[in-house]
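The next block holds one structure in the form of structure tokens; read it before the comments.
This one's a predicted model, so the numbers in the text were calculated from it and none came from an experiment. Read the numbers this way: they start at 1 and go in the same order the structure lists the ligands and their atoms.
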Amino acid sequence: MTVREMQDEILKIKKEKDICILAHAYQRQDILDVADFVGDSFALSRMAAKAPQSTVLMCGVRFMAETVKILSPQKKVILSDSNAGCPMAEQMDKELISQLKEMYPDYKVVAYINTTSELKTVCDVCVTSSSAVKIVKKLDSDKILFIPDCNLGDFVQKQCPDKTFKLVSGGCPTHLRMTVKDVEKAKAQHPDALLLVHPECAPAVTALADYAGSTTGIMNYAKNSDAKEFIIGTENSIVEHLSFDEPGKKFYPLSKDCICHNMHLTNLATVYNCVCGTAGEVIELDEDVRLGAKRCIDEMLRLGD
Ligand code: 13P
Ligand code: SF4
């Protein structure tokens, strides 16, 4: 089967079987082409509740599929590849958070959405990279315990100087591959290019950026900017998507190593097999866990809109 033939088959089968395909922006271009909706974590969470189809196929990582199930328990939710986890989501457990809560009883626990559903049950509110600053500013507490990404936490802290933060050291191994040396090298090679990074990067890298924001934030910035060249400090799929969307502009990866292997466990054939019913994992959540995690996601959607 050619790529085009496989895409046509996917479009036909998903219509017949009432399947909505949601794809995170880090997925490959040929997957984005067959998706009903593409976005960053926040936009995908919003779409999760709205999709009218009875089945949702999430092309992304586990916490994204769990978010869909949390918001739409009546739907069949499929994660495209059962091994597609987010390493950051596994970095902290409930016991650690309980200890931290004992140490800082008057702090609100703000959890990046890149966490397990279990962990969300002991937190106060979720945030995503595009909504974190807005939500923390609106939160009715000036004491914030931010988990698990201390880089995103640092990014939020700098924009909320009137609040007190406790950051716990965790983070994304993919984004931590990018260094100040990479920035110096890329800027020397492309002196006219603007540097756009994801706030999961180390603070020293983010400090050198012309813009820091979520995956779709980076894409929108590049599309709306009058500049013609950009160094992209996030997963390298975004370089590819921008090159497709903006053929008149030039995009360079900040590091050739910024590849999320978990996101790329899914390819077009995986999507085809999922809609045929021979691949993917149907997400099931314990009802107590689902309700506990839903409290944090609902609060995120309420404060983030
Ligand atoms: P976004 O919030 O930009 O979608 O980021 C999610 C993520 O996992 C980035 O590594
Ligand atoms: Fe998780 Fe990092 Fe991959 Fe995003 S890029 S899904 S934070 S490992």
Side-chain angles (χ1 to χ4, degrees), residues 22-28 31-32 35 37-48 58-68 79-92 110-116 119-120 125-136 146-156 169-178 196-202 205-206 209 211-222 232-242 253-266 297 300-301 304:
L22 299 182
H24 186 265
Y26 286 163
Q27 293 294 307
R28 294 182 175 88
I31 294 177
L32 305 195
F37 186 79
V38 178
D40 62 12
S41 304
F42 190 72
L44 289 174
S45 306
R46 271 227 218 89
M47 267 320 282
M58 172 58 77
C59 302
V61 291
R62 183 170 293 277
F63 76 83
M64 296 175 178
E66 288 189 357
T67 303
V68 179
L79 171 62
S80 48
D81 186 302
S82 62
N83 289 316
C86 167
M88 174 159 42
E90 311 289 336
Q91 284 167 349
M92 285 171 199
V110 176
Y112 194 15
I113 197 164
N114 300 36
T115 39
T116 62
L119 199 75
K120 287 180 177 88
V125 62
C126 280
V127 296
T128 67
S129 58
S130 59
S131 62
V133 173
K134 186 175 181 182
I135 291 172
V136 169
F146 196 100
I147 58 138
D149 186 355
C150 57
N151 295 336
L152 180 64
D154 178 83
F155 175 76
V156 178
S169 91
C172 164
T174 304
H175 284 81
L176 284 171
R177 286 184 200 131
M178 290 178 286
L196 317 183
V197 307
H198 198 282
E200 287 176 11
C201 291
V205 171
T206 302
Y211 170 81
S214 75
T215 48
T216 46
I218 289 174
M219 292 183 75
N220 290 339
Y221 186 96
I232 303 297
T234 191
E235 218 281 337
N236 286 341
S237 52
I238 300 299
V239 175
E240 184 187 338
H241 302 330
L242 281 168
L254 175 55
S255 160
K256 66 177 174 39
D257 297 326
C258 193
I259 294 167
C260 177
H261 297 290
N262 285 279
M263 281 284 181
H264 294 302
L265 284 173
T266 302
I297 304 266
M300 172 186 87
L301 293 171

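- Every N/O-N/O distance between T128 and ligand 1 stays at or above 3.5 Å.
- Near Y26, the atoms of ligand 1 lying under 4.0 angstrom from a non-hydrogen atom of the residue are 9 (C), 10 (O).
- Residue N114 touches ligand 1 through its side chain alone, judged by heavy-atom distances below 4.0 Å.
- Closest heavy-atom approach to atom 3 (O) of ligand 1 among the candidates T215, V61, T174, N262: T215.
- By the 4.5 Å heavy-atom criterion applied to side chains, I147 and L119 are counted as neighbours.
- Residue contacts with ligand 1 include H24, since one or more of its heavy atoms lies under 4.0 Å from the ligand.
- Considering all non-hydrogen atoms of both residues, C258 and M178 come closest at SG-CE, 3.4 Å.
- Those atoms of ligand 2 with a heavy atom of E200 less than 4.0 angstrom away are 2 (Fe), 7 (S).
- Judged as a salt bridge (Lys or Arg N to Asp or Glu O under 4.0 Å), and not counting sequence neighbours, D40 has no contacts.
- Here the heavy atom of the protein found nearest to atom 5 (O) of ligand 1 is H198 NE2, 3.3 Å.
- Shown here for K134 and G304, the closest heavy-atom pair between the two residues is NZ-O, 3.2 Å.
- Under 2.8 Å from atom 3 (Fe) of ligand 2, one finds the following protein N/O/S atoms: C260 SG.
- Shown in contact with S214 at under 4.0 Å from a heavy atom are these atoms of ligand 1, numbered in order with element: 3 (O).
- The two atoms that bring S237 and A25 nearest to each other are OG-O, 3.9 Å, heavy atoms only.
- Not a single heavy atom of M88 sits less than 4.0 Å from an atom of ligand 1.
- Scanning for side-chain hydrogen bond (donor to acceptor under 3.5 Å, both in side chains) contacts around T215 gives an empty result, with sequence neighbours left out.
- Below 30°, between 30° and 60°, or above 60°: for Y221 and Y211 the angle between ring planes is below 30°, a parallel geometry.
- Where the criterion is an N or O separation shorter than 3.5 Å, residue side chain and backbone included, T216 fails it with respect to ligand 1.
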Requested in this report: Decide side chain to side chain contact (heavy atoms under 4.5 Å, CB included) for F42 and V127; before the verdict, give the C-alpha distance in whole Å, the side-chain angles of both, and the deciding distance to 0.1 Å.
Outcome: CA-CA 8 Å; F42 190 72; V127 296; over 6 Å; no
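- Residue D40 approaches ligand 1 through these ligand atoms, each under 4.0 Å from one of its heavy atoms: 1 (P), 3 (O), 4 (O).
- Protein heavy atom at the shortest distance from atom 6 (C) of ligand 1 is S41 OG, 3.3 Å.
- In this structure, a donor-acceptor pair under 3.5 Å is present between the side chains of Y26 and T234.
- Every residue two or more places apart in sequence or in another chain that forms a side-chain contact (heavy atoms from CB on, under 4.5 Å) with C260 is listed here: T174, E235, N262, M263.
- At a 4.0 Å cut-off, not a single heavy atom of F42 sits close enough to ligand 1 to count as contact.
- With 3.5 Å as the limit, one finds a donor-acceptor pair spanning the side chains of S80 and T266.
- Of the polar atoms of S129, at least one N or O is found under 3.5 Å from an N or O of ligand 1, judged by distance alone.
- Residue contacts with ligand 1 for E200 involve side-chain atoms from C-beta outward but no N, CA, C or O (heavy atoms, distance under 4.0 Å).
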